[in-house]
Amino acid sequence: MKERLESLQQEALLKVEEAQDSKALQEVRVAYLGKKGPITEVLRGMGKLSAEERPLIGQMANDVRAAITEKLEQKEQELQEKEIEAQLASESIDVTLPGRPVQLGASHPLTNIVEQVEDIFIGMGFEVEEGPEVETDYYNFEALNLPKDHPARDMQDSFYFTNELLLRTQTSPVQARTMEKYQGKGPLKIICPGKVFRRDDDDATHSHQFMQIEGLYVDENVRMSDLKGVLELFAKKMFGEDRNIRLRPSFFPFTEPSVEVDVSCGICKGQGCRICKHTGWIEILGAGMVHPRVLEMSGFDSKKYSGFAFGMGVERLAMLKHDIDDIRHFYTNDLRFLQQFRRA
Ligand code: PHE
């Protein structure tokens, strides 16, 4: 029995030494120290031994078990350390490698213009409103003094879904919507940027979808001179202090009187050049005093209140400001175009 234990110990220690990973080590542990292992077997057979031998063999079996256990633990620690080292080596990060540059996006040139215009008008006490792009015939036309058979509807060829529903052709419906919201009580001072849609053939200066910014100011005693002052300040902030504006009589069904507003040409300083078609002036927006009937239809007393409204094309502002010669550049997403408008 003594020899058997001795050879078991030698055998086990050798197997432990040979184990290559923790799985192999676990197998050795089960094989020698498990319930069905040879050492347990020796201890079970002790009943057959003499009274003198029993404590000696018992002691020896315990020593063998302790020796194997100790070796197992030592080996396990060794293997674990090796495994961690291998993992660290395979996952090493070279911190000296150059990083991959991240391509930063930038806001669209039209967004930049909208934000600039918003900033200027917010500075004058205006609030920013929104309205739906799918609009009813009522708000897009009728509430703006354009009844169903009005010839001026031809000024804006429209995309209709049904007889009563269309893609808005202008941001002006937001005038009526906002006045309704204020329930006949001024003052009301808003601008509204947004997409509009018209059945135009696309070319260098036309797009079936474009952007407008609407403005509306309704209060007691609002006068044409207020309109002129606000737009002059806007033109100077937007295009430069040296710019002037002029008002030309025009027609819109929802304003009376109506005007078209020109800004002095920045290229020739008003002297006349190719850009301004030798007039010294460039048209930037339509405007006028809100028609009394429009005020009344949206619940404002036209004897007490008056107001002005204006509408400008965002693409047109951007094209003037940045010397862009084709409106389609805004929609074709050529990075060579867009990257020029990165803000610092
Ligand atoms: N809605 C007009 C257009 O699209 C512009 C405009 C707005 C004119 C407000 C007067 C007042 O042409």
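What you are looking at is a predicted structure, and each value in this text was computed from that prediction instead of being measured. Just follow the structure's listing: the first ligand is 1, and inside any ligand the first atom is 1.
- Here K148 pairs with E164 in a salt bridge; the nearest charged N to carboxylate O distance falls below 4.0 Å.
- Atoms of ligand 1 found under 4.0 Å from any heavy atom of G286 (numbered from 1 in listed order, with element): 6 (C), 8 (C), 10 (C).
- The local environment of CZ in R65 is sparse, with at most 12 non-hydrogen atoms from other residues, nucleotides or ligands closer than 6.0 Å.
- Given atom 2 (C) of ligand 1, the protein heavy atom at minimum distance is Q170 OE1, 3.7 Å.
- When hydrogens are left out, the protein atom nearest atom 12 (O) of ligand 1 is F252 CE2, 3.7 Å; that is the closest non-hydrogen contact.
- The closest approach between any non-hydrogen atom of R198 and ligand 1 is below 4.0 Å.
- Note: F251 and H150 have parallel aromatic rings, judged against thresholds of 30 and 60 degrees for the angle between ring planes.
- Applying salt bridge (charged side-chain N to carboxylate O under 4.0 Å, His left out) to E76 and the options K23, R29, K82 leaves one that passes, R29.
- Ligand 1 has an N or O atom lying under 3.5 Å from an N or O atom of S172, backbone or side chain.
- At least one heavy atom of Q212 lies less than 4.0 angstrom from ligand 1.
- Per-residue contacts place Q175 under 4.0 angstrom from the following atoms of ligand 1 (heavy atoms of the residue considered): 9 (C).
- Relative orientation of the F121 and F126 rings is perpendicular, given thresholds of 30° and 60° on the angle between their planes.
- Ion pairing between D137 and R168 fails under the 4.0 Å rule for side-chain N and carboxylate O.
- Contacts with ligand 1 closer than 4.0 Å are made by backbone heavy atoms (N, CA, C, O) of A287 only, the side chain lying farther away.
- Heavy-atom contacts of F310 reach the following atoms of ligand 1: 7 (C), 9 (C), 11 (C) (cutoff under 4.0 Å).
- The one candidate from E296, R293, H291 that meets the side chain to side chain donor-acceptor pair (under 3.5 Å) condition with S302 is E296.
- Less than 4.0 angstrom separates some heavy atom of G311 from each of these atoms of ligand 1: 6 (C), 7 (C), 9 (C).
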